[in-house]
Amino acid sequence: SVDYVRFYFIYPAFSYTNIRSTVYAYQKSSVLTQKCKKEALKPMDEHIVTIALATRLKRRVFASDIIKEEAEKLIRENIDTINSTLISISFEDYGLILTLNNKDNLPTSDIAYFLRTATSAPLRNKYSNLNKMPSLWTRNYFCENGYMTNDTMAAVQEYFQQIKSR
């Protein structure tokens with residue numbers, strides 16, 4: 001069996017924000033560890049962010065494929081205005097999970113706010129059953145730097161479970 005150790009490096013990306021990077025290396029190989037340290041200190045040319053947004057009161061808004069397609073279309077149309085590219089999108093029972101490349105290093109709170117406002121009003125205006133809700137999204141969001149991993153997915157599922165229900 002192979003033992004892994006997790007190294008956390010905090011370094012400036014474009015000298016604006018600190019990014020936490022996780023690098024796995026073999027525990028017994030010091031050569032690989034040194035190589036990972038050198039690579040982690042290089043400045044990042046992309047900033048990958050995973051964001052999860054939950055629907056208010058655990059409403060199953062995205063049970064309908066039509067609403068899923070419309071929400072994905074709205075996100076894809078509007079994501080360019082914040083100079084980001086959408087890498088992946090997945091719809092869960094109580095919300096959605098996005099992985100995107102944040103080229104301008106915008107704060108994740110701004111990205112989450114933009115995504116909520118870009119989707120909420122058009123969806124609520126188009127589908128009358130969503131208009132009955134006080135709001136489509138909760139005010140909070142889940143965010144993590146990097147691509148979706150098993151640890152991230154477990155944390156997102158825990159986030160969705162902690163949302164208040166009706």
Qualifying salt bridge (charged side-chain N to carboxylate O under 4.0 Å, His left out) pairs with a residue from residues 129-142, counting only residues at least two apart or across chains: none
Check side chain to side chain contact (heavy atoms under 4.5 Å, CB included) between Pro122 and all other residues, then give those that pass, not counting sequence neighbours. Leu74
Quick one: does Val61's side chain get under 4.5 Å of Leu123's, heavy atoms only? no
Show me the pairs that pass salt bridge (charged side-chain N to carboxylate O under 4.0 Å, His left out) and involve residues 85-94, at least two apart or across chains. Arg60-Asp93
In the hydrophobic cluster built from side-chain contacts under 4.5 Å, what are the other members alongside Phe160? Tyr94, Ile97, Phe142, Met148, Met153, Val156, Tyr159, Ile163
Residues forming a side chain to side chain donor-acceptor pair (under 3.5 Å) with Glu158, sequence neighbours excluded: Gln162
Give me each pair satisfying ring pair (Phe, Tyr, Trp, His ring centres under 6.0 Å) with a member in residues 69-93, each pair once, sequence neighbours excluded. Phe62-Phe91
Once side chain to side chain donor-acceptor pair (under 3.5 Å) is applied, do any residues pair with Ser64, and if so which ones, sequence neighbours excluded? none
Joint cluster assignment, Tyr127 & Leu53, ILVMFWY side-chain distance < 4.5 Å: yes
OG1/Thr119 to CG/Leu136 distance, rounded to the nearest 0.5 angstrom? 6.0 Å
Once side chain to side chain contact (heavy atoms under 4.5 Å, CB included) is applied, do any residues pair with Thr108, and if so which ones, sequence neighbours excluded? Val49, Tyr141, Cys143
Taking only distance into account, with no hydrogens and no angle test, what donor-acceptor pairs under 3.5 Å do side-chain atoms of residues 82-89 form with protein atoms, sequence neighbours excluded?
| from | atom 1 | to | atom 2 | distance (Å) |
| --- | --- | --- | --- | --- |
| Asn83 | ND2 | Asp104 | OD1 | 2.9 |
| Asn83 | ND2 | Asp104 | OD2 | 3.3 |
| Ser88 | OG | Thr99 | OG1 | 3.3 |

Could you check whether any side-chain heavy atom of Leu106 comes within less than 4.5 Å of a side-chain heavy atom of Phe114, counting everything from C-beta outward? no
For side-chain contact (heavy atoms from CB on, under 4.5 Å), just list the numbers for Thr117 and Trp137, CA-CA rounded to whole Å, side-chain angles, deciding distance to a tenth of an Å, and then say yes or no. CA-CA 9 Å; Thr117 55; Trp137 302 109; over 6 Å; no
Side chain to side chain contact (heavy atoms under 4.5 Å, CB included) involving Lys126 - partner list, sequence neighbours excluded: Glu70
Closest non-hydrogen atoms of Arg124 and Ser135, given as atom of the first, atom of the second and distance, are NH1-CA, 3.3 Å
If we only count heavy atoms from C-beta on, is the Leu115 to Ile79 side-chain gap below 4.5 Å? yes
Name all residues meeting the side chain to side chain contact (heavy atoms under 4.5 Å, CB included) criterion together with Asp110; count only those two or more places apart in sequence or in a different chain, and write none if there are none. Pro107
Do Asn140 and Thr138 have side-chain N/O donor and acceptor atoms under 3.5 Å apart? yes
Return the set of residues passing salt bridge (Lys or Arg N to Asp or Glu O under 4.0 Å) with Glu72 (not counting sequence neighbours), or none when no residue passes. Arg76
Under 4.5 Å between side-chain heavy atoms, counting indirect links through other Ile/Leu/Val/Met/Phe/Trp/Tyr residues: same cluster for Ile48 and Ile75 or not? no
To the nearest 0.5 Å, tell me how far Ile67 CD1 sits from Asn129 CG. 5.0 Å
